[in-house]
Number of protein chains: 2
Amino acid sequence: MGVTGSKAEHRISKILDAALEVFSHKGYRDSAVDDIATTSQTSKGGVYFHFPSKQAIFLALLDRMADLLLSRASKSMAAEPDWPKKGDAALATMLHTFADHRNLTRLFLVEALGAGREFNQKILEMHITFTALIKDYLDTGVVDGYIAPLETRIASIAWFGAVNEVVTRWVLDEEPGNLEDAYNPLRELLRRGIGL
Amino acid sequence: MGVTGSKAEHRISKILDAALEVFSHKGYRDSAVDDIATTSQTSKGGVYFHFPSKQAIFLALLDRMADLLLSRASKSMAAEPDWPKKGDAALATMLHTFADHRNLTRLFLVEALGAGREFNQKILEMHITFTALIKDYLDTGVVDGYIAPLETRIASIAWFGAVNEVVTRWVLDEEPGNLEDAYNPLRELLRRGIGL
DNA sequence: TAAAACCGACTGACATGTCGGTTTTATAGA
DNA sequence: TCTATAAAACCGACATGTCAGTCGGTTTTA
């Protein structure tokens, strides 16, 4: 074992990788815990030793993606000094991260929604987290005088939705193009939408 | 039986109503065909006489919603003579229709996505249908000189996504506010986004 | 009187989570 | 270093429950 991760953590990571593989390939409901066990080269008992339920595995996966996105976006925003460029950086980072993890993205944006009523709360939380980040950003822009006052609550939801849909279309497409090609037109649209 | 609808159509309609009730309450996967049969005051055999499978019932429901939205939106756009108002009318109609049919909306926007891989194609088709409508509208705006040329493909997807997210948030919210309150800020945002 | 519509018990398939038992790993004492 | 032993990790058959779809038979309609 390297510096990071005990044996258990390593195993958990392997199971999560397998779960991602299986879930993103067959969807949440059509995936059996046995599939995950087989793919992760362990057994059902082994999986259940580390996770209390199938649901918990899925939730862990969602958390993983949210953390990844959030930390990357925050970092790239922090690296930019002036306000408008922070937004550009976040958008670019998001698209880049999604493009790099199509499976995780599919899970995050597609499977999660219909996986079951149990997940609605979680998904809502995630959407709220992201839109809150955007809203903070927009509010700062207003306070600092970069943009005129506007309904930042709706605007942040709309921004999130716009990006969301572009990415979702790319995920659902059987022969997806290059997601990052959407960066420029999307950026333009979003900026103008808030009067930048 | 009234002017419209044979006995069979009436029955089918009853089953679809029941299916909507059940699906939107428990989600696609957690709903049993027996539930639909009971709710529609018929039997499983009766349901299977009119529909070949559970999946077909769901698909029929999605078609119903798409037709409803599309026809209403088209009608309200046709009723407005000048270009910018056509868009406003369509947005208002959409929000109004969603607000009026929260269950159908939940089915359309939330359940459908994760109901299973089998539905991805269908959903993609619907998204494409809607964005195509928006794209036509935007292209007309460009041709008629209302707005400067822009990437209407991405713009239409972003528009759709923005509306989609606002509505989805309202659907997922346990104590939803008034969806139509979003009309004004959303309209402003979308219009400005394309430079109107 | 035939066809259409409807009924509901039944089947087959499948999947989650459990549990008794086995293997591996960590630790401590001689 | 070697061994004893306890705890952690792992295994997979099975108990349990669920449900989509079927089918022989019944009722309604034309």
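Below, chain A is the first sequence line, B the second, and so on; all start at residue 1. Model, not experiment: these values are computed from the prediction.
- Rounded to whole Å, atom C1' of dC6(C) lies 13 Å from atom NZ of Lys14(B).
- Heavy atoms of Thr38(A) sit nowhere under 4.0 angstrom from any nucleic acid atom.
- A residue-by-residue look at Phe49(A) and Ser53(B) shows that Phe49(A) has its nearest nucleotide of DNA chain D further toward the 5' end.
- Regarding contacts with the backbone of dA4(C), every side-chain N or O of His50(B) stays at 4.0 angstrom or more from both OP1 and OP2.
- Atom CG of Asp30(B) and atom P of dT16(C) are 13 Å apart (whole Å).
- Rounded to a whole Å, the CD1 atom of Ile36(B) is 16 Å from the P atom of dC6(C).
- Contact annotation: Thr42(B) side-chain N/O to dC7(C) OP1/OP2 distance is under 4.0 Å.
- Connection of Phe49(B) to Phe58(B) is not established within any shared hydrophobic cluster, with ILVMFWY side chains joined at heavy-atom distances below 4.5 Å, either directly or through further cluster members.
- Atom pair His10(B):NE2 and dT29(D):P shows a separation of 13 Å (rounding to whole Å applied).
- Ring planes of Phe98(A) and Phe108(A): tilted class, angle from 30 to 60°.
- The side chain of Tyr48(A) has dT18(C) as its nearest neighbour among dT22(D), dT18(C), dA5(C).
- Between dA9(D) and Arg11(A), no contact under 4.0 Å exists linking OP1 or OP2 to a side-chain N or O.
- Closest to the side chain of Lys44(B), from the set dC11(D), dT16(C), dA20(D), is dA20(D).
- Going from atom CD of Gln55(A) over to atom P of dA15(C) covers 18 Å, rounded to whole Å.
- One can place NZ of Lys26(A) at 11 Å from P of dC14(C), the figure rounded to the nearest angstrom.
- Counting non-hydrogen atoms under 4.0 angstrom, Ser40(B) reaches nothing in the nucleic acid.
- Counting heavy atoms from C-beta on, the side chains of Ile154(B) and Asp181(A) never come closer than 4.5 Å.
- Here the P atom of nucleotide dA13(D) and the CG atom of Asp34(A) are 10 Å apart, to the nearest Å.
- No side-chain heavy atom of Leu189(A) sits less than 4.5 Å from a side-chain heavy atom of Glu151(B).
- Remark: C1' of dA5(C) and CZ of Phe51(B) are 14 Å apart, rounded to the nearest angstrom.
- In this model, no side-chain donor or acceptor of Lys54(A) finds a partner on the base of dA15(C) within 3.5 Å.
- Base pairing of dT3(D) is made with dA28(C), judged by Watson-Crick or G-U wobble geometry with both donor-acceptor distances under 3.5 Å.
- You'll find that the side chain of Val33(B) is closest to dA20(D), out of dA20(D), dG17(C), dC11(D).
- For dA8(D), the paired base is dT23(C) (Watson-Crick or G-U wobble, both distances below 3.5 Å).
- Judged by the 6.0 Å distance and 45° axis criteria, Lys54(B) is positioned over the aromatic ring of Tyr28(B).
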